[in-house]
**Q** 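The structure is given below, and queries will be raised subsequently.
Values below: all heavy atoms of this structure, side chains included; hydrogens, waters and symmetry mates excluded. Quick caveat, the model's predicted, so the values are computed rather than measured. Sequence lines set the chain letters: A, B, ... in the order given, protein chains first and strands last, and positions in each chain run from 1.
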Amino acid sequence: MKRFSYHRADSVADAVQALCATPDARIVAGGTNLVDLMKYGVETPSALVDVTRIASLNGIDDTDEGGLRIGALVPNRTVAEDERVAARFPLLASAILAGATPQLRNAATTGGNLNQRTRCYYFYDTKTPCNKREPGSGCPAIGGVNRLHAILGASEHCIATHPSDMCVALAALGAEIRVEGPNGPRRIRFADYHRLPGDAPERDNTLQPGEIIEAVLLPPEAEAFAGHHSYLKLRDRLSYAFALVSVAAALDIREGRIVAARLALGGVAHKPWRREEAEAALVGSPADEAAFAAAATQLLEGAQGHEHNTFKIELARRAILRALGQAAAGTPQSQTDKRIA
Amino acid sequence: MPAHAIVGTQTVPIEITLNGKRRSLEVSPVTTLLDLLRNHLDLTGTKKGCDHGQCGACTVLIDGQRINSCLQLAVMQDGKSITTIEGLAQDGRLHPLQAAFIEHDAFQCGYCTPGQICSAVALIEEGHTTSREEIREFMSGNLCRCGAYTNIVDAIEDVVGRRRQPVQEAAE
Ligand SMILES: Cc1cc2nc3c(=O)[nH]c(=O)nc-3n(C[C@H](O)[C@H](O)[C@H](O)COP(=O)(O)OP(=O)(O)OC[C@H]3O[C@@H](n4cnc5c(N)ncnc54)[C@H](O)[C@@H]3O)c2cc1C
Ligand code: SF4
Ligand code: FES
Ligand code: FES
């Protein structure tokens, strides 16, 4: 690991100041992604800003708007096991439990999970070029080994995926990110938080220099999906692996008709993949296979495979049908018994 | 706790409780908790498998929670209480899980075992032990290249069962 300076911040303002003073400084929280990348020499910050002692980044609290505020430092396990989350936003709890391992979920924080970097093999291997790691050096995944890579929203510069499970649920639930920075606080819609690669794949998200995530906000209207949801994650082994394809499905069904729907995909793009047209296609229909198939077609429109991942297009279509079926039936995918019902 | 200013590449003083004893240490910011334990404190029970959070061999308990020590910076542990495999036995008596691992032959080479046992100690506290499937899923962060998984689950079930028994008897 390259040597670095260590700064233990005692307030958000202190952290922002430290970040602004050293432009290549990185925030460290759970460390499960950043320390790993530093060991590989992929991240080489000259300073780390330890935010884990900042009290205001802790806690899960009710908001004035009637939703929940999850502090950036709250560990993934604490979110997944919180009674309010389980009762009001069970899709989020399920998605978190589908990811990583108990040890990692104990250390991993909400803010760190949002900002975890891609698992593209070339990104991790400093002996190969990679536009995300070294802008302008090229993308060996295109034409190389690309089983884990994107089928939607990719560019000629990068076909990486965002690896988070938690974020797929947050996208479906329409969360917001609250950040603090040198220009004061702001709120970012989840859909606007992560970026598509375009011609700047080195930028994963829209956080600006010196900014820090304070909290994730869950909106009260997303509680309507508590009865009909499912997080279905398909991967090369049943546990402890990143998604090839995952689906977060959430329905609000009244008198046999869908009145609201949310659908987001993981493992297929540089950000959780959501399209409002696909959700609109479900609204007003009975919760049946014909409606689900129409939504899948909309959501996957324009999907394009590469050498090793064309299978993902059909896999995603079938996973969408299955997850919507599970949601409609009120029988979400179990994250313990992995048989797909 | 005072905030530290940028400390460059110097060492940083930390205080931790390690297996019940207070320790004042000077650590370099680049040192992981795993390397601190193994290389600086001679506690080699905790194993280094992958060094990247992928195998669980380095699992220790930090404030009672199971964590991969290879991805933790030692400097960030200031004020925390850490328990390693060396700290589980009490008054010369093995922890019930240690005894159960021996009884059920829950290892072959033994390299993953300290991590498996620390992980299982936390698992039982967490209560994710209602079925074999649940135990397996919630032990999925600990790989065993010798494939002792079946016996590991047996050992854990045995300890869970023994802990339950007195409660049931009291209820009857
Ligand atoms: C073996 C392994 C398997 C895994 N499997 C999965 C999986 O299946 N599914 C899944 O979703 N994830 C998985 N993960 C990833 C894991 O979820 C992330 O590593 C974790 O969520 C990162 O959180 P952290 O707190 O440890 O972040 P850190 O490593 O501390 O930080 C990660 C990034 O976030 C930034 N950051 C942290 N906090 C803030 C903040 N408050 N404001 C702004 N920026 C911040 C840091 O600067 C850094 O760039 C796996 C990880 C490993 C090692
Ligand atoms: S897909 Fe993106 S992250 Fe992977 S090698 Fe190409 S540019 Fe790098
Ligand atoms: S050595 Fe830490 S998880 Fe493998
Ligand atoms: S006993 Fe050999 S790795 Fe588990």
Side-chain angles (χ1 to χ4, degrees), chain A residues 1-11 14-15 17-18 21-22 25 28-40 45-55 75 77-78 81 97-98 100-108 112 124 237-241 334-339, chain B residues 1-12 14 27-33 35 50-56 58-73 75-79 115 118-119 122-123 126-128 130-131 133-143:
Chain A
M1 217 186 296
K2 197 189 126 209
R3 295 198 163 264
F4 57 85
S5 299
Y6 172 74
H7 180 97
R8 189 178 294 158
D10 60 3
S11 68
D14 180 25
Q17 201 173 27
T22 314
V28 62
T32 61
N33 191 220
L34 184 61
V35 173
D36 192 24
L37 289 168
M38 287 168 68
K39 287 184 181 185
Y40 283 111
S46 69
L48 285 190
V49 179
D50 174 358
V51 297
T52 59
R53 311 286 163 144
I54 304 176
R77 168 178 166 213
T78 308
E81 292 188 349
L97 290 175
T101 67
Q103 286 98 314
L104 289 161
R105 296 193 297 264
N106 277 342
Y124 265 82
R237 53 177 188 235
L238 284 180
S239 291
Y240 209 177
S334 163
Q335 305 304 351
T336 301
D337 177 354
K338 303 291 178 58
R339 272 167 298 191
Chain B
M1 191 152 335
H4 286 262
I6 296 275
V7 289
T9 52
Q10 305 155 280
T11 56
V12 183
I14 62 167
V27 297
S28 157
V30 294
T31 305
T32 62
L33 175 57
D35 287 343
C50 63
D51 212 20
H52 290 285
Q54 300 177 354
C55 74
C58 65
T59 303
V60 300
L61 303 173
I62 303 181
D63 290 340
Q65 312 248 5
R66 45 178 162 161
I67 303 269
N68 308 84
S69 61
C70 67
L71 295 183
Q72 293 303 311
L73 296 174
V75 65
M76 292 175 72
Q77 308 310 314
D78 194 16
C118 284
S119 194
L123 168 86
E126 292 163 15
H128 293 297
T130 54
S131 65
E133 277 90 53
E134 198 182 20
I135 293 173
R136 285 176 60 110
E137 171 59 22
F138 281 84
M139 286 297 289
S140 65
N142 292 84
L143 304 188

**Q** Spell out, as yes or no, whether a donor-acceptor pair under 3.5 Å connects the side chain of A/Tyr6 to the backbone of B/Ser28.
**A** no

**Q** Using a cut-off of under 4.5 Å on heavy-atom pairs, state which of A/Asp337, A/Leu34, A/Leu104, A/Asn33 scores highest against chain B.
**A** A/Leu104

**Q** Any idea which of B/Thr32, B/Leu73, B/Asp51 has the most non-hydrogen atom pairs under 4.5 angstrom with chain A?
**A** B/Asp51

**Q** Can you tell me how far apart CG (A/Leu238) and CZ (B/Arg136) are? Round to the nearest 0.5 Å.
**A** 9.5 Å

**Q** Looking only at heavy atoms, what is the nearest atom pair of A/Ser239 and B/Glu137, with distance?
**A** OG-OE1, 2.5 Å

**Q** Nearest heavy-atom pair of A/Gln103 and B/Ser119: which atoms, and what distance?
**A** NE2-OG, 3.4 Å

**Q** Give, for atom CD1 of B/Ile135 and atom OG1 of A/Thr336, the distance between the pair rounded to the nearest 0.5 Å.
**A** 11.5 Å

**Q** Go through the atoms of A/Glu81 and report whether side chain, backbone, both or neither lie under 4.5 Å from a heavy atom of chain B.
**A** side chain

**Q** Measuring from A/Asp36:CG to B/His52:NE2, what's the distance to the nearest 0.5 Å?
**A** 6.0 Å

**Q** Can you tell me which portion of B/Leu143 sits under 4.5 Å from chain A's heavy atoms? Options are side chain, backbone, both or neither.
**A** side chain

**Q** Let me know if B/Ser131 has heavy atoms under 4.5 Å from chain A in its side chain, its backbone, both or neither.
**A** neither

**Q** Going by an N to O cut-off under 4.0 Å, is there a salt bridge joining B/Asp78 and A/Arg53?
**A** no

**Q** Give the minimum heavy-atom separation between B/Phe138 and A/Arg105, together with the two atoms involved.
**A** CE2-NH2, 3.6 Å

**Q** For the interface with chain A, which of B/Glu126, B/Gln54, B/Met76, B/Gln72 has the highest count of heavy-atom pairs at distances below 4.5 Å?
**A** B/Met76

**Q** At a heavy-atom separation under 4.5 Å, does A/Thr32 approach chain B through its side chain, its backbone, both, or neither?
**A** both

**Q** Of the backbone (N, CA, C, O) and the side chain (C-beta and beyond), which part of A/Val49 lies under 4.5 Å from a heavy atom of chain B, both, or neither?
**A** neither

**Q** If you apply the rule side chain to side chain contact (heavy atoms under 4.5 Å, CB included), what do you find for A/Lys39 with B/Cys70, and how did you get there?
**A** CA-CA 10 Å; A/Lys39 287 184 181 185; B/Cys70 67; 3.9 Å; yes

**Q** What are the two closest non-hydrogen atoms of B/Ser140 and A/Pro102, and how far apart are they?
**A** OG-CD, 4.4 Å

**Q** Between A/Ala29 and chain B, with a heavy-atom cut-off of 4.5 Å, which part of the residue counts as in contact: side chain, backbone, both or neither?
**A** backbone

**Q** What distance do B/Asn68 atom CG and A/Thr101 atom OG1 have between them, rounded to the nearest 0.5 Å?
**A** 5.5 Å

